[in-house]
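Here the structure is laid out as structure tokens; the discussion comes afterwards.
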2 protein chains.
Amino acid sequence: MEYEQLKLDNQLCFRLYTAARLTMGAYHPYLDPLGITYPQYLVLLVLWEQDKQPVNDIAHKLFLETNTVTPLIQRMEKAGLVKRTKGKEDTRQRIVSLTKKGIEMREQAKHIPECLSADIIKNEGSVEEISQMIPTLDKLIAGLKQQLNNKQINN
Amino acid sequence: MEYEQLKLDNQLCFRLYTAARLTMGAYHPYLDPLGITYPQYLVLLVLWEQDKQPVNDIAHKLFLETNTVTPLIQRMEKAGLVKRTKGKEDTRQRIVSLTKKGIEMREQAKHIPECLSADIIKNEGSVEEISQMIPTLDKLIAGLKQQLNNKQINN
DNA sequence: TACTTTTGCATCGTGAACGATATAAATAAG
DNA sequence: CTTATTTATATCGTTCACGATGCAAAAGTA
């Protein structure tokens, strides 16, 4: 039993990793028609809540690094969903704003969350049980983020 | 309130996606010294439980596609952790087996799960609360996998 | 004011993920 | 026993994700 803990069955992270990938996969039928990927959808969610944000703010809200978000947004710009302008007070900043196409996509995306809930109900039963994970996941995320920040200070 | 559901705060998948990424990040301090990545660690977990498996079995256990696992294992082979031999009954199969180095790494990796638990306790408090998510995640994963299989039949 | 440090973003390289496609071997069908 | 289909793996192209590095603007310091 010396290696008991090294069993796949006992690993939480493996489940998070798998659940995240498969859930992202479940978005495919709804995002493909819009021509966007799941991370791009997340960027749109952020901008639909508040337009005209610098790259850094978007990255921060998504817990991503700017070197992930920058090319992501460049692809979205090429697709005509957003445009980037230089910041006025701080010229280092690149303010990302929605184009007409990006704004209009909100209407087309409106029903995606309920579609996904429906898909989950269809196969797994209760959304309630799954929703109960949310506060725990939030605590986990907050703690891991904390840990990451601590490490960056020590370097 | 028409777009209420499109808020990031209301999205389960976003949390899974974030929690998975950050948890994988928490493995870095333990995997970097071994020179492996998290997905490579998962492949090793599978092989430590049972050596000499075809690519397909490994992919299936990790809920991954073979076109993800093949290059992953090729990199591990280049790193001297595994070797690949042709299957004897079925020559299409590539049997993946651990090298001496791959076997020995188990000993070095033995304490990683408890280290990670300790890290989580340090910052988030209870591992119990987090462990309670496991059956729900398993149900979610099983349901999503089911949905994916259904779709493949319809094509 | 001149110099140093920090900050915001971009670029590069590597390793996943995965859809699409290819190829050869195994299996099924005729 | 051919021919058709399925299966196991591999290759290719695109998009993430992120560490490392670069660079210019802003902020802090002497």
Side-chain angles (χ1 to χ4, degrees), chain A residues 14 17-29 31-32 35-43 53-60 62-79 81 84-96 148 151-153 155, chain B residues 14 17-29 31-32 35-43 53-60 62-79 81 84-96 148 151-153 155:
Chain A
F14 171 59
Y17 159 80
T18 304
R21 281 190 306 103
L22 295 182
T23 310
M24 279 172 61
Y27 276 88
H28 256 118
L31 297 182
D32 282 354
I36 56 174
T37 64
Y38 183 72
Q40 291 173 9
Y41 171 67
L42 291 180
V43 171
Q53 295 189 56
V55 173
N56 208 16
D57 288 20
I58 297 171
H60 191 256
L62 299 178
F63 299 94
L64 288 167
E65 306 298 321
T66 61
N67 56 1
T68 298
V69 175
T70 292
L72 187 54
I73 288 176
Q74 284 170 344
R75 284 186 287 270
M76 292 175 75
E77 188 175 35
K78 203 180 286 179
L81 293 166
R84 299 183 302 157
T85 54
K86 287 216 165 162
K88 281 170 188 173
E89 325 88 66
D90 189 336
T91 62
R92 292 172 305 177
Q93 288 186 335
R94 298 282 261 172
I95 310 297
V96 184
L148 214 140
K151 206 163 293 168
Q152 284 173 348
I153 291 164
N155 292 0
Chain B
F14 171 59
Y17 159 80
T18 304
R21 280 189 306 105
L22 295 182
T23 311
M24 278 171 62
Y27 276 88
H28 256 117
L31 297 182
D32 282 354
I36 57 174
T37 64
Y38 183 73
Q40 290 174 10
Y41 171 67
L42 290 180
V43 171
Q53 295 189 55
V55 173
N56 209 15
D57 288 20
I58 298 171
H60 191 257
L62 298 178
F63 299 94
L64 288 167
E65 306 297 321
T66 61
N67 56 0
T68 298
V69 175
T70 292
L72 187 55
I73 288 176
Q74 283 170 345
R75 283 185 287 271
M76 293 175 75
E77 189 176 35
K78 204 180 285 180
L81 293 166
R84 298 184 304 158
T85 54
K86 287 217 164 155
K88 281 169 187 172
E89 324 88 65
D90 189 334
T91 61
R92 293 171 304 177
Q93 288 186 336
R94 298 282 261 173
I95 309 298
V96 183
L148 214 140
K151 206 163 293 169
Q152 284 174 347
I153 290 163
N155 292 359

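Each chain gets a letter, A, B and so on, in the order its sequence line appears, and its residues count up from 1. Only heavy atoms go into these numbers, but all of them, side chains included; no hydrogens, no water, no symmetry mates.
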**Request:** With DNA chain D as reference, determine whether Pro71(B) or Phe63(A) sits nearer its 5' end, using the nearest nucleotide of each.
**Result:** Pro71(B)

**Prompt:** Is there a side-chain contact between Asp57(B) and His60(B), using heavy atoms and a 4.5 Å cut-off?
**Reply:** no

**Asked** Within this structure, what is the CD-to-P distance between Gln74(B) and dC12(D), rounded to whole angstrom?
**Response** 11 Å

**Item:** Side chain of Gln40(A) - closest among dA8(D), dA10(D), dT15(D)
**Value:** dT15(D)

**Fill in**
Rounded to the nearest 0.5 Å, the CG atom of Leu42(A) sits from the CE atom of Met24(A) at a distance of 8.0 Å

**Prompt:** On DNA chain C, which is the earliest and which the latest nucleotide, 5' to 3', with an atom closer than 4.0 Å to a heavy atom of chain B?
**Reply:** dG15(C) to dA26(C)

**Prompt:** Once you round it to whole Å, what is the distance between P of dT15(D) and CD1 of Ile73(A)?
**Reply:** 15 Å

**Request:** Look at the side-chain N and O atoms of Arg21(B) and state whether any lies under 4.0 Å from the OP1 or OP2 oxygen of dC18(D).
**Result:** yes

**Message:** So Thr66(A), base contact, sugar-phosphate only, or nothing? Heavy-atom distance under 4.0 Å.
**Reply:** base

**Prompt:** Just by distance, do the side chain of Arg84(B) and the backbone of Ile73(B) share a donor-acceptor pair under 3.5 Å?
**Reply:** no

**Request:** Go through the steps to decide whether Val43(B) and Gln40(B) satisfy the test side-chain contact (heavy atoms from CB on, under 4.5 Å), and finish with yes or no.
**Result:** CA-CA 5 Å; Val43(B) 171; Gln40(B) 290 174 10; 5.6 Å; no

**Under 3.5 Å: donor-acceptor pair, side chain of Tyr38(B), backbone of His28(B)** = no

**Message:** Strictly under 4.0 angstrom, non-hydrogen atoms only: write out the protein contact profile of nucleotides 19-24 of chain D, one letter per nucleotide from the 5' end, B, S or -.
**Reply:** BB----

**Asked** side-chain contact (heavy atoms from CB on, under 4.5 Å) between Arg94(B) and Thr70(B): does it pass, once the steps are laid out?
**Response** CA-CA 10 Å; Arg94(B) 298 282 261 173; Thr70(B) 292; over 6 Å; no

**Prompt:** If you take all heavy atoms of Gly25(B) and Pro29(B), which pair is closest and at what distance?
**Reply:** O-CD, 3.7 Å

**Item:** Sequence-distant partners of Gln93(A), side chain to side chain contact (heavy atoms under 4.5 Å, CB included), two or more places apart
**Value:** Pro54(A), Asp90(A), Ile95(A)

**Request:** Can you tell me the distance, in whole Å, between the CZ atom of Arg94(B) and the C1' atom of dT11(D)?
**Result:** 14 Å

**Asked** In whole angstroms, how far is the P atom of dT14(D) from the CG atom of Leu72(A)?
**Response** 17 Å

**Gln93(B) CD - dA10(D) P separation (whole Å)** = 11 Å

**Request:** Please report, rounded to the nearest Å, how far the P atom of dT6(D) is from the CG atom of Asp90(B).
**Result:** 17 Å

**Request:** Starting at atom CG of Leu31(A), determine the distance to atom P of dC16(D), rounded to an integer number of angstrom.
**Result:** 11 Å

**Fill in**
Rounded to whole Å, CG of Leu148(A) lies from P of dA17(D) at a distance of 15 Å

**Prompt:** Looking across every strand, which nucleic acid part, if any, lies under 4.0 Å from Tyr17(A) by heavy atom: base, sugar-phosphate, or nothing?
**Reply:** sugar-phosphate

**Asked** Taking the nucleotide of DNA chain C with the closest heavy atom to each, which residue, Thr68(B) or Thr70(A), is nearer the 5' end?
**Response** Thr70(A)

**4.5 Å side-chain heavy-atom contact, Tyr41(B) and Phe14(A)** = no

